[in-house]
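In what follows, chains carry the letters A, B, and so on, assigned in the order in which the sequence lines appear, proteins first and then strands, with residues in each chain numbered from 1. Predicted model, so just to flag it, every value in this text is computed and none were measured.
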Amino acid sequence: MDLSRFRDAARQTRRVVVPPRAVPPARELVYVPVDADGYPLDQVRSWCAESEDDQLASSPLEDARDVSTAYGSCLVVERDYLIDERHGCWSCADLHVEPDDALDVLAGKAITRAQPQRVLYVDLETTGLSGGAGTVPFLVGCAWTDAEGVHLRQFFLPSFSAERALLAAVADLVGEADCLVTFNGRTFDVPVIEVRGAFHRVAVPLCDLPHLDMLPPARQLWRSASVAGDGSCRLMALEEALVGLTREGDVPGWEIPGRYFAFIRHGDARALEAVFHHNRCDLLTLAALTARARFLVRHGLEATASTGERFGLARLYHRAGRLEQAEACYRAAADDSEGKPSIRGAAWRAVALLCRRARRYAEATVAWEQVLALEPEETPSAREAREALAIHHEHRARNLERARAHAEHALAIAASAAQRAGVAHRLARLDKKIARQASSLTGRFWELGET
DNA sequence: CACACGGATCGATCAACGGC
DNA sequence: GCCGTTGATCGATCCGTGTG
């Protein structure tokens, strides 16, 4: 994929609205009680719904197939998104990710094995949010990519008694993967599967798999980028900003457990079509975010599309110990005259800290001056810059008057008693030094006068 | 709505260094 | 040689934010 195409995609602000699915004719509503230990699959595949939209929807289980495991069977729905299909401004061909060390940078640790083959994206829909033993995953969406596009497999729980089978079926697929990618999966998806696996004594190797949770790197990359307006890094906010998609009629998260419980009570699967669709969108967007983030890490500064993205990429490099690349990106963000002053100020602060650590004090001083120029006087960064400059001028540049001026500013904006005490101590020392300097100068003046 | 995680912040500590 | 300062690091704590 060439760079310009990618940049264009990133810059694209055009919103793509997901068209509503083709609507099948409404069917007669039939009430079918569901056996607690079994599920009347035939009836489940065509049953009633509450809202008008849902009544018009088809059952997501129409093309589901039974998957047998040692513990019984569950249902699986499969979809392929081939290279000529699109997800927002992305071609599905571009969603293919070869696992490499860029994923290590995103994860903040080494997660790719010697010869990684398959990255598995996982997203759960569950009966609640608590994450405890009572939360049951009723839809486990899995996706992987290859040169042909994206392949998606959704494991569905037709009754609570099939949970063991569902976990076993998921375990089979997970066993073929080298690397797991989720969104907030470290906190939510993986613990849920872990607890349910322990409960049913089914080993799901999800927890052993190298895991990239895209939420932390997404926050680093795109929170300050303000791609999502208010800085939100929820998956759908990032989807709008980076994939250019606005979901029409999407089911809100809080409604998902209720829809599943209604299905369990009455056997109606049509209201779940929106949930299946939501899960597929989440997986495709997760793949798109991962591809974009990996591309940024691989191609660096030239691939970034905004000041915020440059700053975010710098933070990722910084965390990964790639200091040269980090500094280049910080400097690019700091120099961007069109960028938000708060981001530019933060970038200059990072440059100052990097330079100071490398003992490049002159460069650090220039960076602290830039922080002062960009940050409002009362911010913590401005106070930090005043103090750093006071130290520099007192101990290295040996310009006591300038050191004193910075210390006075620092005293005026000190946020706590401890800070005030520290700066007051510095000021007192500076005053003593200045007085001593003056008296020694006076002495030398008289000495010169006498000779 | 529960829960866990990451970050920001602050204070304590310690080694290294320089001024007197 | 003593003493003060700097800068790095570590741990505790708090807050904001993501998941269905």
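One finds a side-chain N or O of A/Arg234 lying less than 4.0 angstrom from the OP1 or OP2 phosphate oxygen of C/dT19.
Within 6.0 Å of atom CZ in A/Arg322, more than 12 heavy atoms from other residues, nucleotides or ligands are found, so the atom counts as buried in its surroundings.
Nearest heavy atom pair, residue A/Pro137 against residue A/Leu166, reads O-CD2, 4.1 Å. Closest approach of A/Ala388 to A/Arg356, counting heavy atoms only: CB-NH1, 4.4 Å.
Going from atom CG of A/Leu215 over to atom P of C/dT17 covers 12 Å, rounded to whole Å. As rounded to whole Å, 14 Å separates atom C1' of C/dG18 from atom CG of A/Leu286. The CG atom of A/Leu430 sits 12 Å away from the C1' atom of C/dT5 (whole-angstrom rounding). Distance CG (A/Leu129) to P (C/dG18): 13 Å, rounded to an integer number of Å. Computed from coordinates, the A/Ile391 CD1 to C/dG4 C1' distance equals 13 Å when rounded to whole Å. The interatomic distance linking A/Arg356 (CZ) with C/dA8 (C1') rounds to 9 Å, in whole Å. The interatomic distance linking A/Glu394 (CD) with C/dT6 (P) rounds to 6 Å, in whole Å. Rounding to whole angstrom units, CG of residue A/Asn184 and P of B/dA4 are separated by 12 Å.
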- Query: Could you run down nucleotides 6-12 of chain B 5' to 3' and tag each one B, S or - for protein heavy-atom contact under 4.0 Å?
  - Reply: SSS-SS-

- Message: Using a 4.0 Å heavy-atom cut-off to protein, can you give one letter per nucleotide of nucleotides 15-20 of chain B, 5' to 3': B if the base is in contact, S if only the sugar-phosphate is, - if neither?
- Response: ----S-

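Across C/dG18, C/dA8, C/dG20, the shortest atom-to-atom separation from the side chain of A/Asp282 is found for C/dG20. Distances from the side chain of A/Phe188 to the nucleotides C/dT6, C/dG18, C/dT19 place C/dT19 closest.
Counting heavy atoms from C-beta on, the side chains of A/Tyr81 and A/Leu283 never come closer than 4.5 Å.
Using the six-membered ring where Trp is involved, A/Tyr260 and A/Phe160 have ring planes that are perpendicular, over 60° apart on the 30 and 60° scheme.
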- Message: For A/Val297 and A/Tyr317: C-alpha separation, side-chain torsions, deciding distance, then whether side chain to side chain contact (heavy atoms under 4.5 Å, CB included) applies.
- Response: CA-CA 8 Å; A/Val297 170; A/Tyr317 282 141; 4.3 Å; yes

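Across all strands shown, A/Thr187 has heavy atoms under 4.0 Å from base atoms, whether or not it also approaches the sugar-phosphate. A/Asp123 comes within 4.0 angstrom of sugar-phosphate atoms only, judged by non-hydrogen atoms across all strands, and of no base. Among the atoms of the strands shown, none is found under 4.0 Å from any heavy atom of A/Tyr260.
Both tests hold for A/Arg196 against A/Phe199: distance to the six-membered ring centre under 6.0 Å, angle to the ring axis within 45°.
Note: A/His318 and A/Tyr330 meet the aromatic proximity criterion, with ring centroids under 6.0 Å apart.
The closest donor-acceptor contact from the side chain of A/Arg310 to the backbone of A/Leu301 lies at 3.5 Å or more, if one exists at all.
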